[in-house]
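Take a look at the structure set out below.
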Amino acid sequence: MSKLINHDDIAKILYTEEQIKERIAALGAELRKDYADVEGEIVLICILKGAVMFFADLARAMDLNLQMEFMGISSYGNEQRTSGIVRITKDIDTSIMGKHVIIAEDIMDSGLTLSHLMKLLASREPASVKICCLLDKPSRRETDIAPDYCGFTIPNEFVVGYGLDYNGFLRNLPYVGVLKPSVYRIEE
Ligand code: PRP
């Protein structure tokens, strides 16, 4: 079987590479303005694995002097739904005490993962913690949390690409697309 990505599995492209790039440039400019003169160090945290593309592009679009850290989280739940109880599978390598933390996340869905993570990071006494997510699905929210910075607000569709996966694959699509229901319904 061919190892090429089957772009036919994508029902439609939600955001092209160019649109993502433009939006991240705008987010980067906003963050640069807000953080250029803060007292204390800035730490940008990548929430693995989905945020990897967004994190890498955002960090370069901000033009701020910052530390890049990585955090792995596993949430107890099934494929479609997180429980909000998260376990740290890889922690950041630096103390965030007194620092300004910006969380780079690919998508906010129920909001349970980030709500739990915010509490955990707050206990480490940072100067501030803000959420910057590429995609927000507010229609799925189960807790009172909103991103401080957001790339795009999207409808409740199964999105893949630019870091977002289906069964571990399709993260390396350069665009964000909607997966055809026929692809994931096969396994239901
Ligand atoms: C996704 C996403 C968020 C979380 C959002 O991660 O990256 O961390 O789900 O869902 P919530 O708002 O309902 O809590 P996922 O567990 O798919 O891991 P991945 O980033 O490694 O793909």
Side-chain angles (χ1 to χ4, degrees), residues 5 9-11 14-15 20 23-24 27 31 43-59 61 68-93 96 101-124 126 129-181 183-188:
I5 291 177
D9 285 347
I10 307 301
L14 215 49
Y15 300 107
I20 296 170
R23 188 66 193 108
I24 293 178
L27 278 178
L31 285 158
V43 184
L44 182 65
I45 302 181
C46 174
I47 308 301
L48 298 168
K49 301 173 186 167
V52 66
M53 310 290 184
F54 178 49
F55 171 82
D57 286 342
L58 184 69
M68 295 168 77
E69 287 291 329
F70 299 84
M71 198 158 196
I73 293 177
S74 140
S75 53
Y76 297 99
N78 56 36
E79 269 295 304
Q80 306 284 331
R81 202 174 174 285
T82 49
S83 63
I85 302 166
V86 303
R87 188 169 53 93
I88 306 297
T89 55
K90 191 237 170 287
D91 208 342
I92 50 175
D93 299 323
I96 55 167
V101 174
I102 305 167
I103 301 172
E105 181 60 292
D106 55 339
I107 188 164
M108 281 180 80
D109 203 72
S110 70
L112 295 171
T113 304
L114 272 182
S115 157
H116 191 91
L117 184 65
M118 289 292 277
K119 282 186 203 127
L120 183 112
L121 292 177
S123 72
R124 298 181 183 181
V129 185
K130 300 279 185 198
I131 300 167
C132 181
C133 75
L134 179 68
L135 306 172
D136 188 17
K137 262 189 196 176
S139 60
R140 297 257 303 173
R141 203 69 95 249
E142 292 177 30
T143 183
D144 188 21
I145 189 169
D148 300 285
Y149 302 89
C150 170
F152 304 102
T153 302
I154 61 165
N156 186 19
E157 292 188 286
F158 198 137
V159 284
V160 290
Y162 196 72
L164 292 120
D165 74 309
Y166 168 59
N167 273 353
F169 290 90
L170 297 176
R171 292 190 200 275
N172 58 326
L173 282 176
Y175 54 82
V176 172
V178 176
L179 193 64
K180 280 185 184 163
V183 177
Y184 54 88
R185 287 215 176 113
I186 292 168
E187 295 182 10
E188 280 180 357

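The shown structure was predicted, so the numbers you read here are calculated from the model rather than taken from an experiment. Remember, it's 1-based here, ligands and their atoms both numbered in the order they're listed. Because only heavy atoms are used, hydrogens play no part in the values below, and waters and symmetry mates are left out as well, while side chains stay in.
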Ligand 1 atoms in contact with [X] (distance to a heavy atom under 4.0 Å):
X: Gly50; answer: 19 (P), 20 (O), 21 (O)
X: Leu48; answer: 20 (O), 21 (O)
X: Thr113; answer: 4 (C), 8 (O), 10 (O), 11 (P), 14 (O)
X: Ser110; answer: 11 (P), 12 (O), 13 (O), 14 (O)

Checklist entry - Hey, what's the ring geometry for Phe152 with Tyr15, parallel, tilted or perpendicular (30° and 60° as the breaks)? => result parallel
Next on the checklist: Quick one, Arg140 and Ile107 - any side-chain contact, counting heavy atoms below 4.5 Å?
Outcome noted: no
Next on the checklist: Could you check whether any side-chain heavy atom of Leu170 comes within less than 4.5 Å of a side-chain heavy atom of Leu179, counting everything from C-beta outward?
Outcome noted: yes
Item to check | For Lys49, all residues meeting side-chain contact (heavy atoms from CB on, under 4.5 Å), sequence neighbours excluded | outcome: Arg171
Ligand 1-proximal atoms of [X], by part, heavy-atom distance under 4.0 Å:
X: Glu105; answer: side chain
X: Asp106; answer: side chain
X: Lys137; answer: neither

Next on the checklist: For the CG atom on Asn156, are there more than 12 heavy atoms of other groups (residues, nucleotides or ligands in this structure) within a distance under 6.0 Å?
Outcome noted: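 Count over threshold, so yes.
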Item to check | Closest to atom 1 (C) of ligand 1 among Asp165, Leu114, Ile107 (heavy-atom distance) | outcome: Ile107
Checklist entry - Roughly how far apart are Ile103 CD1 and Thr113 OG1, rounded to 0.5 Å? => result 11.0 Å
Item to check | Given Leu135, Leu164, Leu27, Asp106, the one that forms side-chain contact (heavy atoms from CB on, under 4.5 Å) with Phe54 | outcome: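 The residue from Leu135, Leu164, Leu27, Asp106 that satisfies side-chain contact (heavy atoms from CB on, under 4.5 Å) with Phe54 turns out to be Leu27.
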Checklist entry - Would you call Arg141 a ligand 1 contact, heavy-atom distance under 4.0 Å? => result no
